[in-house]
Protein chains: 2
Amino acid sequence: MDTAERLITSTQELLRERGYVGTSPKAIQQRAGAGQGSMYHHFTGKPDLARAAISRSAAELRALADQLLSAEGTAIDRVEAYLRRERDVLLGCPIGRLAQDPDIIASPELRAPLDETFAWLRGKLAEVLTEGELRLDPVTTAATIVAVLQGGYVLARAAESVEPFDQAVDGVLALLKGAA
Amino acid sequence: MDTAERLITSTQELLRERGYVGTSPKAIQQRAGAGQGSMYHHFTGKPDLARAAISRSAAELRALADQLLSAEGTAIDRVEAYLRRERDVLLGCPIGRLAQDPDIIASPELRAPLDETFAWLRGKLAEVLTEGELRLDPVTTAATIVAVLQGGYVLARAAESVEPFDQAVDGVLALLKGAA
DNA sequence: GTCTATAAGAAGATAGAC
DNA sequence: GTCTATCTTCTTATAGAC
């Protein structure tokens, strides 16, 4: 892996662990094993590097979701597979956690990948639900499902335990199966 | 309002707007119209002031929720009143947004109010659901409801629009009413 | 109680040598 | 491409006068 690549993956990790405001260029350089000159040669500055890292994380999240939601099985099966997929719950969502960052939200360039990722995910889930022919509005139900995941991360971090995340997922799945 | 009080409310505002990592003592002093000496006279430092501000915000959130969830009406009515209460959605939840802050989660003192608030809220909702005698597990359903709110905030901020929050709330209410 | 002075260290770069 | 030096501003206080 070359230096630019190591800088991007280090930034992805740090953004997830500490957010944008909490991540310094110095910390990125140290984790990537790169010097200052190196970082400023490949990227114009912290926002530029963050943009690359966030786009990368967004693409990864999308690929994973697409794989599970486009698989074989009933609509509910696929939604359940997505909700129950393995995650580092206590670390938080690499994309969702950035929505709390004031500097991310203030920058159209940095916020765009978040907006696009969640819009795509809600659309994809709405599609799956429509195929399932459930007696539910696909658009609002899709928003609910994504919100349960994002809120589950929040509750888990507050409790320093995966339990509330798992409970929230169990709860929404019971509701969905009841409506099926 | 005296100086200590103004320091606390200014810190509450800044924690909600910029999080703990993104809030400096200087910014707090300026918003409160207090000097450095004044702040360090009333509080030992930033963590001490944050503790006071977070406890205050937690108590306020609890009082508001308790009022709506303990009101007259069916279980679903009360849950709906709580979900649809007026909120500054785009600002985020004063408590939930702190769950993403690495320094908050790393400090048992600062994380405790978050943990206690969400534990209390889930318990209160589970109580309401139990009274409603719905065919749903009260504990997991309560976790789902709180998660929808917290996730709704995340989606709204990512989209810079209240729409996904409202959709997530509509979706979970439709599911709850379907199960009633 | 509040004010001003001082300070060590981090943040976020830029400049120029190699 | 990478390294070291330099720079300004911010952070998070402490010290002591008023």
Practice task
Quickly work out the Leu49(B) CG to dA13(D) P distance and round it to whole Å.
Solution key: 11 Å
Exercise for the section: Look at His42(B) and dT2(C) and indicate whether a side-chain polar atom (N or O) is within less than 4.0 Å of OP1 or OP2. Expected result: yes
Practice task
Using a 4.0 Å cut-off on protein heavy atoms (strictly under), produce a 5'-to-3' string for nucleotides 9-16 of chain C with B for base contact, S for backbone-only sugar-phosphate contact, and - for none.
Solution key: --SSBB--
Handout entry: ring pair (Phe, Tyr, Trp, His ring centres under 6.0 Å) contacts in which one or both residues fall within residues 138-160 of chain B, not counting sequence neighbours
Key = Tyr153(B)-Phe165(B)
Fill in the blank from the handout: Rounded to whole Å, CZ of Phe43(A) lies from C1' of dT2(D) at a distance of 15 Å
Handout entry: Whole angstrom value for the distance that separates P of dG1(D) from CG of Asp2(A)
Key = 9 Å
Practice task
Taking ring pair (Phe, Tyr, Trp, His ring centres under 6.0 Å) as the test, write out the residues that go with Phe118(B), two or more places apart.
Solution key: none
Practice task
Provide, to the nearest angstrom, the distance between the CG atom belonging to Asp103(B) and the P atom belonging to dT11(D).
Solution key: 14 Å
Which side-chain N or O atoms in residues 121-128 of chain A pair as donor and acceptor under 3.5 Å with protein atoms at least two apart or in another chain?
| from | atom 1 | to | atom 2 | distance (Å) |
| --- | --- | --- | --- | --- |
| Arg122(A) | NH1 | Gln167(B) | OE1 | 3.2 |
| Lys124(A) | NZ | Asp66(A) | OD1 | 3.4 |
| Lys124(A) | NZ | Ser70(A) | OG | 2.9 |

Problem - Carboxylate-amine/guanidinium proximity below 4.0 Å for Glu17(B) and Arg97(B) - result: no
Practice task
Mind calculating the distance between CD (Gln29(B)) and C1' (dG1(C)) to the nearest angstrom?
Solution key: 14 Å
Practice task
Report the residues that fulfil ring pair (Phe, Tyr, Trp, His ring centres under 6.0 Å) with Tyr20(A), sequence neighbours left out, ordered by chain and then residue number.
Solution key: none
Handout entry: side-chain N/O Thr3(B) vs dG1(C) OP1/OP2, d < 4.0 Å
Key = no
Hey, can you pull the donor-acceptor pairs under 3.5 Å for the side chains in residues 170-180 of chain B, sequence neighbours left out?
| from | atom 1 | to | atom 2 | distance (Å) |
| --- | --- | --- | --- | --- |
| Asp170(B) | OD1 | Arg84(B) | NH1 | 2.9 |
| Asp170(B) | OD1 | Arg84(B) | NH2 | 3.2 |
| Lys177(B) | NZ | Glu80(B) | OE1 | 3.0 |

Handout entry: Separation of atom CD1 in Ile28(B) from atom C1' in dC10(D), rounded to whole Å
Key = 14 Å
